[in-house]
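Reviewing the structure listed below.
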There are 2 protein chains.
Amino acid sequence: MSELEAPTIADVAERAGVSTATVSRVINQTAPVAEETAARVRAAIAALNYHPSAAARGLASRKTSLIGLLTTEISTSFFTPILSGIEAGAREAGLGLLIHCTQDEPSPGPGYHRPMGPHNTDGLLVFAASLEDAELIYLYETGFPVVLLHQSPPDSLDIPYVTVENKSGARKLVDHLIEVHCYQRIAFLRGPESHEDSYWRELGYREALEAHGMPFDPTLVATGGFHKEIAQVAVGQWLKEGVEIDAVFAGDDESATGVITALHQAGKRVPEDIAVVGFDDVHMADYLMPPLTTVRAPIEQTGREAVRQLVRLIRTGHAEPLVLLPTELVIRRSCGCNS
Amino acid sequence: MSELEAPTIADVAERAGVSTATVSRVINQTAPVAEETAARVRAAIAALNYHPSAAARGLASRKTSLIGLLTTEISTSFFTPILSGIEAGAREAGLGLLIHCTQDEPSPGPGYHRPMGPHNTDGLLVFAASLEDAELIYLYETGFPVVLLHQSPPDSLDIPYVTVENKSGARKLVDHLIEVHCYQRIAFLRGPESHEDSYWRELGYREALEAHGMPFDPTLVATGGFHKEIAQVAVGQWLKEGVEIDAVFAGDDESATGVITALHQAGKRVPEDIAVVGFDDVHMADYLMPPLTTVRAPIEQTGREAVRQLVRLIRTGHAEPLVLLPTELVIRRSCGCNS
DNA sequence: TTGAAAGCGCTAACAT
DNA sequence: ATGTTAGCGCTTTCAA
């Protein structure tokens, strides 16, 4: 447990018989160095097991080599693959990843302690509604690189954002329910208000109904919160009230799980009595009983792509204003197909 | 997009009419400051929206206020709650969290670039086998704070570690299978070798058999890899070979999902024909068909606790050598109960 | 209770 | 191709 002092660039320079500037040059490949000299430096680095101090480097170069991720959730089946994609993207870009979950935190009033920002990162990834608009706007005006994930920018500022084709995915899904299975009474479960995804999915749902001349019935819409338990009680409520339902579009796969469970508990068969479909195609979707018909959203890619855009923004000052990743219908059995 | 220069401590000092030292004192509460002065400083900080540079602070104080997390996986149902606990723990401790997934990376030969260590963090959380023993030993000898998660230290060094009571949990589970359900041929699915958890669970399995005078039969053990697909094919293999099985202890819930699916596909009923039990009690466990009997491992707490120990280690130089979180049997239906 | 000033370990501009 | 040196923005003695 002896607190050994870590070697500094000066130690390396001394051992290699060069100046610290030269050591810096071979480390950062920022200027040509004679191969023989470079070799000596590398040897010294290896011998001393030298690793440059991130703080010193950051202070001198004014960059942290870190990106930050602000999120509202962390262990949901939806966010988890996104995080995976982000981590992989950051790693590939040679950037460290700082993460922070925003929960019951004070609004940015006076004395607000920003967990991440220009003081400790080179750029920020902001998932869903994890940052107040005011903060977002402040960062934007300040010229700090930010990319939004599954959320559009406030005040239509041109902050780049990446998300999936929610509306058209939902549209395809509900079209399938109507056209192939001829379901008439299709229910929809909303996600939490903080998820813009839910808003677009509902729009797709409504468009599908309208396109087929079917009325939008408010009694067929409830809140599932993108959450198993919440969806479960919502369905229980419908059942108790005797609402007539042919199929339920659960908003996401997580909710679909709760819906299926509620239906089973009520003695209903899926899909014979009531069909169920989800959205996202999370890992579990294929393992539910019955296997879940859903929309594949490339959410891991969403994370990777967000990092790519953020890196572009950091390095060039520009990025794609909007990246919309395509979604794809995944037919399994819960909709009534293949059964 | 104007690249505004961020205010420095000097700007704050000037605006408040004090020295930078005083500003530092009110920020860090490192020495008494007259309340009236402090108020002026705080006002200046708020007015300028000042946030101290992490790099400068780190360089001067020789601490980063960051902890690092090294892991082999990130989006598994097992790791996800751990991460959640770690993030919450770090947030509560006022520390930033840096995460890095170690995948197909070069061994620490010459020129090895350590993603995290003394150069960029105050301490490290190491999950499972995410860091080579050599590196671990080096960090240990260097006196750098490290806490292990779900893994014991190499060479029995006294590096603190936290994990769950795998062996006794498995023992209780298999005891239940034997004593309550009288299953004779109980199969076991191993996890990946990199997961020490699997080793201890197997030990619990073997002890339970032995305690009941039942032979250990190698043909009843295969590798499920803590993975749905792998478990699925392992079970398929058993079925194809006609191995007689009463129940399978899947190693973890993830595998159990694959086992149940394989059994369903083969036309077997769970638990009537073959019972299935898991380990971990992940979120999905209660939503499988049938609901999964398993062992509740407080894995989110495991993450929180690891952070607590790491913080202790950083601040005091000492921590609990071993924290073993208790596990608890969760009886649902897949074992044959309540059906 | 406060200020002055010396670094912390790097990078980068400027010399040579 | 390489060395010198002036900061980067803080914290922390040391004085006052």
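Proteins get letters first, then strands, A, B, ... in listed order; numbering begins at 1 in each.
Put simply, CD on B:E5 is 10 Å from P on D:dC8, counting in whole angstrom units. Atom CD1 of A:I27 is separated from atom P of C:dT11 by 6 Å (rounded to the nearest Å). Following rounding to the nearest Å, A:K63 (NZ) and C:dC10 (P) show an atom-to-atom distance of 17 Å. Going from atom CG of B:D11 over to atom P of D:dG9 covers 9 Å, rounded to whole Å. Distance NE2 (B:H51) to P (D:dC10): 12 Å, rounded to an integer number of Å. The CD1-P distance, from B:I9 to C:dG3, rounds to 12 Å in whole Å. In this structure, CG of A:L59 is placed 12 Å from P of C:dC10, rounded to the nearest angstrom. Between the CD atom of B:E14 and the P atom of D:dG9 there is a distance of 15 Å, given to the nearest Å.
Side-chain contact check for B:V12 versus B:I27: every heavy-atom pair is 4.5 Å or farther apart.
Under 4.0 angstrom from either OP1 or OP2 of D:dG3 there lies at least one side-chain N or O belonging to A:S19. Applying the 4.0 Å criterion to OP1 and OP2 of D:dC10, one finds that B:R62 has every side-chain N and O outside that range. For A:S53 and C:dC10, the shortest distance from a side-chain N or O to OP1 or OP2 is not below 4.0 Å.
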Set out, in order, the CA-CA distance, both residues' side-chain angles and the distance that settles side chain to side chain donor-acceptor pair (under 3.5 Å) for A:H318 and A:Q309, then state yes or no. CA-CA 8 Å; A:H318 295 281; A:Q309 296 302 329; over 6 Å; no

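Summary of the strand contacts: A:A31 and A:T20 both lie near DNA chain D, and taking for each the nucleotide with the nearest heavy atom, the more 5' one is attributed to A:A31. Nearest-nucleotide mapping onto DNA chain D: of B:T22 and A:A60, the residue sitting toward the 5' end is A:A60.
Across all strands, B:A34 comes closer than 4.0 Å only to sugar-phosphate atoms, never to a base (heavy-atom distances).
Side chain B:R25 to base C:dG3: a donor-acceptor pair is found below 3.5 Å.
Which of D:dT4, C:dT2, C:dT11 sits closest to the side chain of B:T37 comes down to C:dT2.
Of the residues listed (B:P52, B:S24, B:S65), the one engaging B:R57 in a side chain to side chain contact (heavy atoms under 4.5 Å, CB included) is B:P52, and it is the only one.
Taking the ring centroids of A:F78 and A:F226, they lie at or beyond the 6.0 Å cut-off.
In this structure, B:I82 CD1 and B:T302 OG1 are separated by 6.0 Å, a value rounded to the nearest 0.5 Å.
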